[in-house]
Amino acid sequence: MQTTLLESTIAGSWHPGAPDEIRAIAADWESRVASDAGTSSTPNVLILPHAGWSYSGETAWRAVRLVKGAKFSRVVLLAPSHRAWIENRLVAPEASAVSTPLGEIRIDNDFIDRMALVAPVARNSKVHLAEHATQIEYPLLQLALGEGFSLVPLIVGSLGADQMAMCARALSRMMDADTLLVVSSDFTHYGDDFSYAPYGTKGGVSVRERVSSVDAEALSFIEKGDAVAFAANVRETGATICGHVPIELALRAFPKGTSLTCVHYGTSGDAEGDFTRFVCYAAVAGRASWPGDGTQVLDAEARAFLLRVARESMECAVKGITYSIPHSPFPVPRSPLYTKMGTFVTLNDRTTGALRGCIGEIMPMRPLVDAVAARAVDSALHDPRFMPVTERELANLRVEVSVLTPPKPVASWRDIVLGRDGMTLEKGNAFAVFLPQVAPEQAWDLPTTLSYLAQKAGLSPDAWRDGAKFETFQAEVFHE
């Protein structure tokens, strides 16, 4: 059964369990750091540590306080996984809200659903219940932003190059001026039990200085927004930065010219002067001017109208009732609804997520609204892979519409960009098409995607490697 509310599993241990205690400790931090210079403008990107507040809370607050009172309507939180092995996916919770001693925060499931169309996103509340790297940040955000924001908590697994690119592209497309991006990460973990003690285990200030210099180099690349140099630095130094993958993901999503500032750095050993085993923490803040990709041509009203047309035309056809497309409230000359565009209509089982039908037309041949109505009927009744949809199934089907740009040939399969491009393969008389969301949904890399595409065309898995022609297109995808 789906959990609708994720209760905190760390309240009372990693941070205080009572609201007055939380506010009191925040007031104490503020009294000590109120003279911090901060940044020249309100940040929309933060990197925060995620150890217990007694170790890293004050460091985190030095960055969080910079967004205090800001009117962000949404927070996207990227965090590493400490308890579960996750490969080539982001993991969101199944829940509708999270709970802390300061109250509930609504989860923006619409944002997550839309992101899942262009990036590999899975749902698993158990992973989130076991993860402190997300939960530790929630009350800090509540202290700064109050009650008016929603949350997109994403735990980031290991990501291959293709999956990293898909996730970064999706994040860049979906971020906006009303959204705060938070990355949860500690920095170097030093000691034998962290398998990282290149400067010995006797401790001393010199060890702290050498470790901080390793972190300083990594932070210099973060501050420049240089994802490639940061990733190379982590590989070369072996730095035990637990959130290096979510940090790299954020850096790759940033538009060019994004820069950040480290506003504070400290370690768990600073208070006692014990550097035999310690963890390092950094608070980083900055601004990104999210560009989007410019592919969206339909506003919310137009999308809702097309989904209505798809749903009504499908249901009438299944029930044997004649259907007429209703009069649109949109001006004909200006609305893309009446522009000739390609489209696919996809039907999925709401309970299992299984495909139940998908048919479309790639080339723009008729007005978009007419194409959607026709292809919704075809997906329900004429997909040769499935039996026709029955009346009993209608309520449990989810309708998804993909609006396509005209296909264009590419010189090589290497020019295909996963998460952005739909693709066609043609070889001899064989032909097949994948929509852009297919690879993200399956978390496939490009060779795997092309192998399945070749098999869909009735060819051998390696037939795409020689003699095949490819075209790509983009899609604006939305669903009920």
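Keep in mind that what you see is a predicted model, and the values were worked out from it rather than measured.
For the residue pair Glu137 / Ser184, a side-chain donor-acceptor distance below 3.5 Å is found, with atom types taken as modelled. The closest side-chain donor-acceptor pair between Glu223 and Thr261, if any, does not fall under 3.5 angstrom. Looking at Asp462 and Ser451, their side chains never bring a donor and an acceptor atom within 3.5 Å of each other. Side-chain contact of Ser412 with Asp415: a donor-acceptor pair under 3.5 Å is absent, judged by distance alone. Under 3.5 Å, the side chains of Glu217 and Ser220 contain no donor-acceptor pair of N or O atoms.
Between the side chain of Lys427 and the main chain of Ala463, a donor-acceptor pair closer than 3.5 Å is present. A donor-acceptor pair is defined here as one N or O able to donate and one able to accept, closer than 3.5 Å; no such pair exists between the side chain of Arg114 and the backbone of Phe478. Panel note: side chain Gln142, backbone Gly103; a donor-acceptor pair is recorded below 3.5 Å. Listed for the Glu94 side chain is a donor-acceptor partner under 3.5 Å among the backbone atoms of Ser125. Checked by atom type and distance alone, the side chain of Gln163 pairs as donor or acceptor with a backbone atom of Ala443 at under 3.5 Å. A donor-acceptor pair is defined here as one N or O able to donate and one able to accept, closer than 3.5 Å; no such pair exists between the side chain of His50 and the backbone of Leu48. Listed for the Glu312 side chain is no donor-acceptor partner under 3.5 Å among the backbone atoms of Val309. One N or O on the side chain of Ser96 and one on the backbone of Thr4 form a donor-acceptor pair closer than 3.5 Å. Distance alone, capped at 3.5 Å, places no donor-acceptor pair between the Ser172 side chain and the Ala168 backbone. Side-chain atoms of Ser99 never come within 3.5 Å of backbone atoms of Glu7 as a donor-acceptor pair (strictly under, hydrogens ignored).
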Report task. Would you check, one step at a time, whether the test side-chain hydrogen bond (donor to acceptor under 3.5 Å, both in side chains) holds for Asn396 with Thr351? Result -> CA-CA 7 Å; Asn396 199 45; Thr351 304; 3.2 Å; yes

Requested in this report: Could you check Leu355 against Arg385 for side chain to side chain contact (heavy atoms under 4.5 Å, CB included), going step by step and ending with a plain yes or no?
Outcome: CA-CA 10 Å; Leu355 180 67; Arg385 297 169 294 179; 3.9 Å; yes

**Report entry** side chain to side chain contact (heavy atoms under 4.5 Å, CB included) evaluation trace for Asp370 with Ile325
**Finding:** CA-CA 8 Å; Asp370 295 332; Ile325 297 173; 3.3 Å; yes

Report task. Please assess Arg123 against Asn109 for the test side-chain hydrogen bond (donor to acceptor under 3.5 Å, both in side chains), listing each intermediate value before the final yes or no. Result -> CA-CA 11 Å; Arg123 298 272 195 160; Asn109 281 304; 2.4 Å; yes

Query - Test log, rule side chain to side chain contact (heavy atoms under 4.5 Å, CB included), inputs Leu251 and Phe221 - result: CA-CA 10 Å; Leu251 295 177; Phe221 298 124; over 6 Å; no

Report task. Take Leu46 and Leu181, measure what side chain to side chain contact (heavy atoms under 4.5 Å, CB included) needs, and give me the verdict at the end. Result -> CA-CA 6 Å; Leu46 303 176; Leu181 177 64; over 6 Å; no

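At least one side-chain heavy atom of Val67 sits under 4.5 Å from a side-chain heavy atom of Pro43. Side-chain atoms of Val152 and Val75, non-hydrogen and from C-beta on, never get closer than 4.5 Å to each other. Contact annotation: the side chain of Leu404 never approaches that of Met341 to less than 4.5 Å [non-hydrogen atoms, C-beta and beyond]. Using a 4.5 Å cut-off on side-chain heavy atoms (C-beta onward), Met314 and Val399 make contact. Under the 4.5 Å side-chain criterion, counting only non-hydrogen atoms from C-beta, Leu435 is in contact with Thr346. For the pair Leu180/Leu145, a side-chain contact is recorded, criterion being any heavy-atom separation below 4.5 Å from C-beta on. In this structure, the side chains of Ile241 and Ser185 come closer than 4.5 Å at one or more pairs of heavy atoms. Looking at heavy atoms from C-beta onward, Leu453 lies in side-chain contact with Met423 at the 4.5 angstrom threshold.
Between atom CG of residue Leu450 and atom CG of residue Leu459 there is a gap of 12.0 Å, rounded to the nearest 0.5 Å. Here the straight-line distance linking atom OH of Tyr138 with atom OG of Ser8 works out to 9.5 Å at 0.5 Å rounding. Once rounded to the nearest 0.5 Å, the distance linking OG1 of Thr405 with CG of Asp421 reads 8.5 Å. Atom CH2 of Trp413 sits about 14.5 Å away from atom OG1 of Thr472, to the nearest 0.5 Å. In this structure, the separation between OG on Ser402 and CD on Glu476 is 10.0 Å, given to the nearest 0.5 Å. Interatomic distance, Leu219 CG to Leu260 CG, rounded to the nearest 0.5 Å: 10.0 Å.
Between Lys408 and Glu471 there is no salt bridge, since none of the side-chain N atoms of the basic residue sits less than 4.0 Å from a carboxylate O of the acidic one. Arg83 has no carboxylate O lying under 4.0 Å from a charged side-chain N of Glu131, or vice versa, which leaves the two without a salt bridge. Using a 4.0 Å cut-off between charged side-chain N and carboxylate O, Arg398 and Glu400 make a salt bridge. Comment: Lys319 does not engage Glu391 in a salt bridge, judged by the lack of any side-chain N to carboxylate O separation of less than 4.0 angstrom. A salt bridge links Arg74 with Asp108: at least one charged nitrogen is closer than 4.0 Å to a carboxylate oxygen.
The minimum heavy-atom distance linking Ala84 with Val127 is given by the pair CB-CG2, 4.2 Å. The two residues Ala63 and Val284 come nearest to each other via the heavy atoms CB-O, 4.2 Å. Smallest separation of non-hydrogen atoms from Val417 and Arg169: CG1-NH2, 2.7 Å. Annotation for Ala288 and Val45: closest pair CB-CG2, 4.1 Å, computed over non-hydrogen atoms. When all heavy atoms of Leu249 and Met164 are compared, the pair lying nearest together is CA-SD, 3.7 Å. Of all heavy-atom pairs between Val214 and Ala239, the closest is CG1-CB, 4.1 Å.
In Arg392, the CZ atom is not crowded: 12 or fewer heavy atoms of neighbouring residues, nucleotides or ligands sit closer than 6.0 Å. Surrounding CG of Asp110 are more than 12 heavy atoms belonging to other residues, nucleotides or ligands, all under 6.0 Å away.
If you run salt bridge (Lys or Arg N to Asp or Glu O under 4.0 Å) between Glu480 and each of Arg303, Arg308, Arg311, only Arg311 comes through.
Between Trp290 and Phe254, a ring centre-to-centre spacing shorter than 6.0 Å is recorded.
His128 pairs by the ring pair (Phe, Tyr, Trp, His ring centres under 6.0 Å) definition with nothing, not counting sequence neighbours.
Between Trp444 and Tyr452, the angle of the ring planes stays under 30°, which puts this pair in the parallel group of the 30/60° scheme. Ring pair His82/His132 is tilted by interplanar angle, where 30° to 60° counts as tilted.
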